[in-house]
Visitor: 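First, the structure itself, so that you have it in front of you.
Atoms within a ligand are numbered from 1 in the order they appear, just like the ligands themselves. Note that these values count all heavy atoms, side chains included, but never hydrogens, waters or copies made by symmetry. Counting from 1, the numbers follow the sequence of the chain as shown.
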Amino acid sequence: MSTKPTSKPSLAVPGEITETPDQQGAYPRLSDAQIAALTGHGHRRGSQPGEILFGEGERDCDFYVVLAGHVASVEGHGTHEERIISVHGRGRFLGELSLLAGQGSFYTAMALDAGEVLALSVARLRELIARDPAFGDLVLRAYLLRRSILIGLGAGLRVVGSRYSPDTRRVRDFAARNRIPVRWLDLETDPAAEAMLAQFGVTPDDTPIVVVYGRLLRNPGNAELAAAIGLPAPSAQQAGSDMLVVGAGPAGLSAAVYAASEGMQVTALDGVATGGQAGTSSRIENYLGFPSGISGAELADRAVLQAEKFGARFAVPAEATAIAQESGCYRVNLADGTSLTSTSVVIATGARYRRLDVPRLDDFEKESVYYAASQAEALMCRGDPVAIIGGGNSAGQAAIFLSAHATRITLVVREHDLSEHMSRYLIDQVTRLPNVQVMVDSEVRELHGDQALEAITVVGTPTGTRRVLPARALFVFIGAVPCTGWLGGLVDLDDHGFVRTGAGALAAVGGPDGTGPLPLETNRPGVFAVGDVRSGSAKRVAAAVGEGAMAIRLAFERTRPT
Ligand SMILES: Cc1cc2nc3c(=O)[nH]c(=O)nc-3n(C[C@H](O)[C@H](O)[C@H](O)COP(=O)(O)OP(=O)(O)OC[C@H]3O[C@@H](n4cnc5c(N)ncnc54)[C@H](O)[C@@H]3O)c2cc1C
């Protein structure tokens with residue numbers, strides 16, 4: 001570990017330094033016994049006022065515990081945007097999720113006064129997390145909460161771009177799906193946007209620009225942005241593995257965890273982000289073992305760390321574009337030209353949400369139409385009236401979550417009764433919300449607005465009555481189409497494009513013992529399909545996770561018959 005040069009503290013530090021209060025476990029204090037146990041794994045040293053322990057953008061920095069004095073997490077250190085995010089005293093540890101995820105730090109850690117710290121390498125931290133469940137859970141929980149706090153504060157990347165620019169929306173969506181904290185400066189309304197363009201000597205024509213750890217990127221593609229943040233690139237993956245998992249939603253993450261924990265060499269790819277559809281869910285309340293629910297983002301982050309602990313490798317963004325059978329293995333081609341081979345493949349590419357069939361959708365889609373309702377979308381429609389289309393569980397969840405952010409919500413449901421597709425526990429909550437109006441037997445027929453959506457026309461289907469209702473955003477949850485285009489003709493699909501498995505797969509596999517496909521196996525030996533992409537699947541997180549785990553057991557059966 002190297003001691004960073006001492007910089008004069010540019011921050012106006014008050015005479016008496018106040019620690020940031022703990023927020024539901026985000027900033028816990030280690031006990032003397034815990035500190036004593038850690039001491040043998042690192043080394044203690046003094047820290048000076050203004051000393052930088054790690055800087056913004058730095059990767060693989062040490063894990064620090066404050067033994068004496070105070071350390072601040074500072075965003076934009078040394079710039080005119082400098083702000084203190086949190087202050088920590090004795091017994092608190094530093095860092096957040098980026099430390100374990102191999103991403104650059106989103107802030108600088110700076111000693112505020114003379115003190116002492118204990119420093120451990122990140123490799124040692126990983127070992128301790130794996131070895132000591134209580135300590136591991138304390139750190140993981142704190143790191144996940146700190147990431148949520150950063151996202152809420154908009155501390156991290158800076159995106160400057162117009163709300164009417166599709167590329168601005170793409171960049172923001174990519175960051176949101178990957179749970180990367182971002183502050184968006186809207187060129188149309190935010191005076192700070194102009195100032196930032198001037199600071200970097202660029203014009204509005206160059207937007208969107210992204211400032212990543214002080215470095216300027218002009219309209220970066222998703223792969224360029226991923227590389228700048230430190231997401232795992234496909235090129236870093238080994239070309240061959242025992243198990244290739246395509247799609248890293250709940251089903252793929254589960255397959256990755258179980259394959260790696262069984263000693264398989266596993267690579268998991270995702271075209272957008274780990275977490276899949278579930279990663280966009282604000283609260284999953286029906287997943288076993290979480291009586292008060294868990295956010296999809298937390299579930300995904302925990303699963304990724306768990307899979308990596310067992311040795312699984314991830315590649316994001318890595319979109320599979322084709323698959324072919326070669327002698328004794330399968331080859332999967334990726335959009336960036338990389339190709340990977342594997343003995344077995346798990347298809348876990350899920351489904352993509354269906355678009356609404358209504359005139360002028362294209363006019364508003366990039367700016368005002370959403371297919372997920374997470375914290376990122378909530379920030380965009382805060383204080384506005386919104387409409388949610390759909391009568392299933394995802395529409396119900398969205399209504400509950402957005403009701404805390406939007407002024408008024410119209411839930412437009414085609415069916416006669418919410419209970420046709422929505423679980424009872426969600427119906428009970430939705431119908432109790434004072435700012436949610438449920439319109440059953442109804443369809444959206446028109447969208448109104450100039451550049452951005454302003455209102456929708458809803459038609460009551462039995463009577464033909466038309467109502468124009470204010471809506472600045474449209475959230476669409478009307479079913480899904482499977483992501484199976486990349487499979488070419490390699491595996492059998494059903495009439496709706498979902499992958500057939502087991503007895504439902506048409507052609508006989510012709511395995512070593514001459515039997516047909518195993519459960520979850522396609523008509524190709526060693527190629528399995530799990531989760532929402534599979535024909536007849538339950539379209540639930542728990543089912544997807546169960547299938548991911550089961551596919552690994554079956555893959556062993558296929559490749560190593562007893
Ligand atoms: C808003 C919302 C709320 C929900 N709430 C709940 C809930 O409370 N309870 C519940 O049980 N279920 C819920 N669901 C449903 C649940 O999320 C899905 O059933 C589950 O995510 C399916 O998991 P999966 O892994 O099969 O697919 P997905 O989650 O769809 O993941 C598939 C992944 O594959 C990737 N991918 C697609 N094509 C490619 C390609 N060519 N190359 C590489 N990667 C690719 C995608 O980017 C995606 O990340 C919700 C869904 C939504 C949208």
Visitor: Among all protein heavy atoms in this structure, tell me which lies nearest to atom 42 (N) of ligand 1, with the distance rounded to 0.1 Å.
Guide: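 The closest one turns out to be A320 N, 2.9 Å.
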
Visitor: Can you tell me which residue and heavy atom of the protein come closest to atom 29 (O) of ligand 1, and the distance to 0.1 Å?
Guide: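 The answer is Q277 N, 2.8 Å.
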
Visitor: Could you check whether D301 pairs with R179 (Lys NZ or Arg NE/NH1/NH2 to Asp/Glu carboxylate O, under 4.0 Å)?
Guide: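 So D301 pairs with R179 through a salt bridge.
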
Visitor: Would you say that more than 12 heavy atoms from the other residues, nucleotides or ligands in this model lie under 6.0 Å from the CZ of R352, or not?
Guide: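 At most 12 heavy atoms, drawn from other residues, nucleotides or ligands, come within 6.0 Å of this atom.
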
Visitor: Do any nitrogen or oxygen atoms of Y353 come within less than 3.5 Å of a nitrogen or oxygen of ligand 1?
Guide: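 It does not: no N or O of Y353 is found under 3.5 Å from an N or O of ligand 1.
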
Visitor: So, for atom 11 (O) of ligand 1, does the protein have a heavy atom nearer than 4.0 Å?
Guide: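 Given the 4.0 Å limit, the answer for atom 11 (O) of ligand 1 is yes, a protein heavy atom qualifies.
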
Visitor: Which is it for R331 and T341 under the side-chain hydrogen bond (donor to acceptor under 3.5 Å, both in side chains) test, yes or no, and what are the steps along the way?
Guide: CA-CA 4 Å; R331 176 173 295 280; T341 57; 5.2 Å; no

Visitor: How far is atom 23 (O) of ligand 1 from the closest protein heavy atom, and which atom is that?
Guide: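 Here the closest protein heavy atom is P250 CD, 3.3 Å.
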
Visitor: Does ligand 1 have an atom under 4.0 Å from some heavy atom of A351?
Guide: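 Heavy atoms of A351 do come under 4.0 Å of ligand 1.
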
Visitor: Considering distance alone, does some N or O of A251 sit under 3.5 Å from an N or O of ligand 1?
Guide: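 A251 vs ligand 1: N/O contact under 3.5 Å present.
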
Visitor: Can you find a heavy atom in the side chain of L554 that is under 4.5 Å from one in the side chain of E521?
Guide: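 L554 vs E521: side chains apart.
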
Visitor: Please list, in number order, the atoms of ligand 1 under 4.0 Å from a heavy atom of A273.
Guide: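 Ligand 1 atoms under the 4.0 Å threshold to A273: 49 (O).
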
Visitor: Using a strict cut-off of 4.0 Å, indicate which atoms of ligand 1 neighbour a heavy atom of G531.
Guide: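 Counting from 1, the qualifying ligand atoms are 26 (O).
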
Visitor: Would you say atom 53 (C) of ligand 1 has a protein heavy atom nearer than 4.0 Å?
Guide: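 Yes, there is one.
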
Visitor: Could you tell me if the side chain of T484 sits less than 4.5 Å from the side chain of V499, heavy atoms only?
Guide: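 They are in contact (side-chain heavy atoms under 4.5 Å apart), so the answer is yes.
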
Visitor: Are the charged groups of R472 and E377 less than 4.0 angstrom apart, N to O?
Guide: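 Looking at R472 and E377, the cut-off is not met.
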
Visitor: Using a strict cut-off of 4.0 Å, indicate which atoms of ligand 1 neighbour a heavy atom of G276.
Guide: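 Answer, ordered by atom number: 29 (O), 31 (O), 48 (C), 49 (O).
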
Visitor: For atom 16 (C) of ligand 1, what is the nearest protein heavy atom, given as residue, atom name and distance?
Guide: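 It is V541 CG2, 3.7 Å.
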
Visitor: Would you say D532 has any N or O atom under 3.5 Å from an N or O of ligand 1, going by distance alone?
Guide: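 Looking only at distances, the answer is yes, because the N/O contact criterion of under 3.5 Å is met.
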
Visitor: Any idea which protein heavy atom is nearest atom 35 (C) of ligand 1, and the distance to it?
Guide: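 Minimum-distance protein heavy atom for atom 35 (C) of ligand 1 reads D270 OD2, 3.2 Å.
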
Visitor: What is the nearest protein non-hydrogen atom to atom 43 (C) of ligand 1, stated with its residue, atom name and distance?
Guide: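 Going atom by atom, the protein heavy atom closest to atom 43 (C) of ligand 1 ends up being G271 N, 3.2 Å.
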
Visitor: If you take all heavy atoms of T501 and A529, which pair is closest and at what distance?
Guide: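 T501 and A529 have their closest heavy atoms at CG2-CB, 3.7 Å.
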
Visitor: Can you list the ligand 1 atoms lying under 4.0 Å from a non-hydrogen atom of S394?
Guide: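 Counting atoms of ligand 1 from 1, those under 4.0 Å from S394 are 1 (C), 2 (C), 3 (C), 52 (C).
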
Visitor: Run the numbers for me: atoms of ligand 1, each under 4.0 Å from some heavy atom of A348, listed by number.
Guide: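 Those qualifying, in numeric order: 32 (C), 33 (C), 34 (O).
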
Visitor: Consider ligand 1: state whether an atom of it lies below 4.0 angstrom from any non-hydrogen atom of A318.
Guide: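 So A318 counts as touching ligand 1.
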
Visitor: Would R540 count as a polar contact of ligand 1, with the cut-off being nitrogen or oxygen pairs under 3.5 Å?
Guide: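 Yes, at least one N or O pair falls under 3.5 Å.
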
Visitor: Going by atom types only, do N393 and S423 share a side-chain donor-acceptor pair under 3.5 Å?
Guide: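 Result is yes, a qualifying pair exists.
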
Visitor: Could you tell me the residue and atom name of the protein heavy atom closest to atom 8 (O) of ligand 1, and the distance to it rounded to 0.1 Å?
Guide: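 Result for atom 8 (O) of ligand 1: Q397 NE2, 2.2 Å.
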
Visitor: Is there a heavy atom in S537 that sits closer than 4.0 Å to ligand 1?
Guide: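 Under 4.0 Å: no for S537.
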
Visitor: Take every heavy atom of N286, measure it against each atom of ligand 1, and state whether any distance is under 4.0 Å.
Guide: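 Flag set, N286 near ligand 1.
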
Visitor: Show your working on side-chain hydrogen bond (donor to acceptor under 3.5 Å, both in side chains) between Q397 and S281 and close with a plain yes or no.
Guide: CA-CA 8 Å; Q397 271 184 10; S281 172; 2.9 Å; yes

Visitor: Does D173 pair with R170 as a salt bridge, N-O distance under 4.0 Å?
Guide: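 So D173 does not pair with R170 through a salt bridge.
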
Visitor: Polar-atom distance check: A544 versus ligand 1, any N or O pair below 3.5 Å?
Guide: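 Between A544 and ligand 1 (N or O atoms, distance only) the closest approach is not under 3.5 Å.
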
Visitor: Do K539 and F498 meet the cation-pi criteria used here (NZ or CZ under 6.0 Å from the six-membered ring centre, within 45° of the axis)?
Guide: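 Cation-pi check for K539 and F498: passes.
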
Visitor: Should R163 and D186 count as an ion pair when the cut-off is N to O under 4.0 Å?
Guide: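 Looking at R163 and D186, the cut-off is met.
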
Visitor: I need the nearest protein heavy-atom contact for atom 37 (C) of ligand 1: residue, atom name and distance, please.
Guide: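 Of the protein heavy atoms, T349 O, 3.2 Å lies nearest.
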
Visitor: Hey, are R355 and E365 close enough for a salt bridge, meaning a charged N less than 4.0 Å from a carboxylate O?
Guide: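 Looking at E365 together with R355, the answer is yes, because their closest N to O distance falls below 4.0 Å.
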
Visitor: Using a cut-off of 6.0 Å, state whether more than 12 heavy atoms not belonging to R414 lie near its atom CZ.
Guide: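 At most 12 heavy atoms, drawn from other residues, nucleotides or ligands, come within 6.0 Å of this atom.
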
